[in-house]
Amino acid sequence: AADGTLHFPNVTIRAPSFSAAGQVTVDPAAATAAGLAAVNGYEFDFYWTGSTATTPGHVSASAKADTDLLAAFGYDLRPWLDGPLGLGIEADVAGVEPGQTRVSLDLREASIATSMYSKAAGRDGFAEIALAPGADRVYRLRSFAVTAAGLVASGSIEPTLGPDGGWQRMQIARLILGETNISATVERQASGDLVVTAQGARLDARALLAGTPAPTAAEDVPALPLPSMQVNGRFERVLVTDERSIDDVAARVGFRNGSWASLDAIGKLPTGGEVSVTIAEGPGARDLSIDRKSTRLNSSHVSESRMPSSA
């Protein structure tokens, strides 16, 4: 063009998992490029600024997407996430090599349905993740933040990799899920199992003790493909029923085969007495044992019940 900009009315890129076609305008003097593109049929607008000797370059893109587009890039979250998504991508670049990358998702029009949490379309929901490339040019998650109706979570993953090339340690700075309010450190074992050390003001154990889905959970959805984990924690208060709670609790919880399977907890009743609660897996059922020791009466009471494993 007369002003020195370069116009490319038709640009096509093809790869095994996606194809893109669009138009781009390049301004060599300002070292910028902007345009529109259709990636796997989804329209993106993008803007690129080149790097200089003192500052990195920057590229950003936004689109109206859905779970099919995420699946095309290897992140198939169906059937737990469904509906339209607002997708934003920002990345630092050095020359043409991308660096730190931030991905934001607007989940307000999407529905979330898992065995632990659910959100209907039309309710607030936002997520942001940060990724960084390693020496092998593989992008790995470095931090995350989620804010939605009844859910707040944020944390980071340490860059040190395990012998299998996977992550080893995750710090969950904050997790608010319904009545639960905790923070945690997650260690990934060589077997793939997780060891979680948690602490916080409140842990909601009502669903585990009752053998029913959590109030925030969806029904009739496949379990999330989570590994087995052992959770060791200390909590100021644990909710055991709608009316009762235990204070100053030390607990150990087991998660296996997609559900919470066992619990060992010791704490104090509001009256000052000590209480221990145990849930253990048995053949075809789970055993619930409660041992209450009153410091005032110096007596104990033990009750046992059987809960079907399908609960």
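Not measured: the values here are computed from a predicted model.
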Next on the checklist: If I compare all heavy atoms of A201 with all of E236, which pair ends up nearest, and what's the gap?
Outcome noted: O-CB, 3.4 Å

Next on the checklist: With a 3.5 Å distance limit and no angle check, can you tell me whether Q199 reaches the backbone of S183 through a side-chain donor-acceptor pair?
Outcome noted: yes

Checklist entry - So if you build clusters from Ile, Leu, Val, Met, Phe, Trp, Tyr with side-chain heavy-atom gaps below 4.5 Å, do L151 and I182 land together? => result yes

Next on the checklist: Please determine whether a side-chain nitrogen of the Lys or Arg among R252 and D264 lies less than 4.0 Å from a carboxylate oxygen of the Asp or Glu.
Outcome noted: yes

Item to check | CZ on R78 to CG on D68, rounded to 0.5 Å | outcome: 5.0 Å

Item to check | Check: S154 and V146 side chains under 4.5 Å, non-hydrogen atoms | outcome: no

Checklist entry - Less than 4.5 Å apart, any side-chain heavy atom of T101 and any of I89? => result yes

Checklist entry - Are F144 and Y75 grouped together when hydrophobic residues (ILVMFWY) are joined by side-chain heavy atoms under 4.5 angstrom apart? => result yes

Next on the checklist: Which heavy atom of G99 sits nearest to which heavy atom of Y139, and what is that distance?
Outcome noted: O-CE2, 3.3 Å

Item to check | Chi angles and distances behind the side chain to side chain contact (heavy atoms under 4.5 Å, CB included) call for V59, T49 | outcome: CA-CA 6 Å; V59 61; T49 302; over 6 Å; no

Checklist entry - Between the side chain of T55 and the main-chain N/O of A53, is any donor-acceptor distance below 3.5 Å? => result no

Item to check | Sub-4.5 Å side-chain heavy-atom contact between T180 and F235 | outcome: no

Checklist entry - When rounded to the nearest 0.5 angstrom, what distance separates CG in L77 from CD1 in I112? => result 9.5 Å

Checklist entry - Any chance CD1 of I266 has more than 12 other-residue heavy atoms, nucleotides or ligands included, within less than 6.0 Å? => result no

Next on the checklist: Are more than 12 heavy atoms, taken from residues, nucleotides or ligands other than F126, located less than 6.0 Å from that residue's CZ atom?
Outcome noted: yes

Item to check | I157 CD1 to L131 CG distance, which is reported to the nearest 0.5 Å | outcome: 9.0 Å

Checklist entry - Given side chains that start at C-beta, do those of R244 and L269 come closer than 4.5 Å, heavy atoms only? => result no

Checklist entry - Any side-chain heavy atom of Q230 within less than 4.5 Å of one from Q189? => result no

Checklist entry - Any idea which heavy atoms bring A205 and V238 closest together, and the distance? => result CB-CG1, 3.8 Å

Item to check | Any side-chain heavy-atom pair of Q168 and E158 under 4.5 Å | outcome: no

Item to check | Value rounded to 0.5 Å, distance of CG in L85 from CG in L69 | outcome: 8.5 Å

Checklist entry - If every non-hydrogen atom of Q100 is compared with every non-hydrogen atom of P133, which pair is closest and at what distance? => result N-CD, 4.3 Å

Next on the checklist: Using a 3.5 Å distance criterion without hydrogens, assess whether the side chain of R202 forms a donor-acceptor pair with backbone atoms of E179.
Outcome noted: yes

Item to check | Point-to-point distance, once rounded to the nearest 0.5 Å, from CZ of R206 to CG of L203 | outcome: 10.5 Å

Checklist entry - Would you call F255 and L194 a side-chain contact if the rule is heavy atoms closer than 4.5 Å? => result no

Item to check | Student check: side-chain heavy atoms of V186 and V195 closer than 4.5 Å | outcome: no

Next on the checklist: Test salt bridge (charged side-chain N to carboxylate O under 4.0 Å, His left out) on D45 and K64; report intermediate values, then the result.
Outcome noted: CA-CA 10 Å; D45 58 66; K64 197 72 171 179; over 6 Å; no

Checklist entry - Does the pair D248/R237 count as a salt bridge with the N-to-O cut at 4.0 Å? => result no

Checklist entry - Short question: side chain of K119, backbone of L107 - any donor-acceptor pair under 3.5 Å? => result yes

Checklist entry - For R188 and W167, what are the C-alpha separation, side-chain angles and deciding distance, and is it a side chain to side chain contact (heavy atoms under 4.5 Å, CB included)? => result CA-CA 7 Å; R188 182 172 174 268; W167 64 276; 3.7 Å; yes

Next on the checklist: Using side chain to side chain contact (heavy atoms under 4.5 Å, CB included), reason through D92 and H58 one step at a time and then give a plain yes or no.
Outcome noted: CA-CA 5 Å; D92 299 328; H58 186 79; 3.8 Å; yes

Item to check | Candidate pair W48 and V24, rule side chain to side chain contact (heavy atoms under 4.5 Å, CB included), full reasoning | outcome: CA-CA 10 Å; W48 172 84; V24 60; over 6 Å; no

Next on the checklist: I'd like to know if the side chain of D106 and the backbone of L87 have a donor-acceptor N/O pair within less than 3.5 Å.
Outcome noted: no

Checklist entry - Do other residues, nucleotides or ligands put more than 12 heavy atoms under 6.0 Å from R102 CZ? => result yes

Checklist outcome for this item: Closest non-hydrogen contact found for V26 with A33 is CG2-CB, 4.1 Å

Checklist entry - Which atoms form the tightest heavy-atom contact between F46 and A37, and what is the distance? => result CE2-CB, 4.2 Å

Checklist entry - How far does CG of N181 sit from CG of L177, to the nearest 0.5 angstrom? => result 10.5 Å

Next on the checklist: Regarding E187 and R169, does a basic nitrogen lie under 4.0 Å from an acidic carboxylate oxygen?
Outcome noted: yes

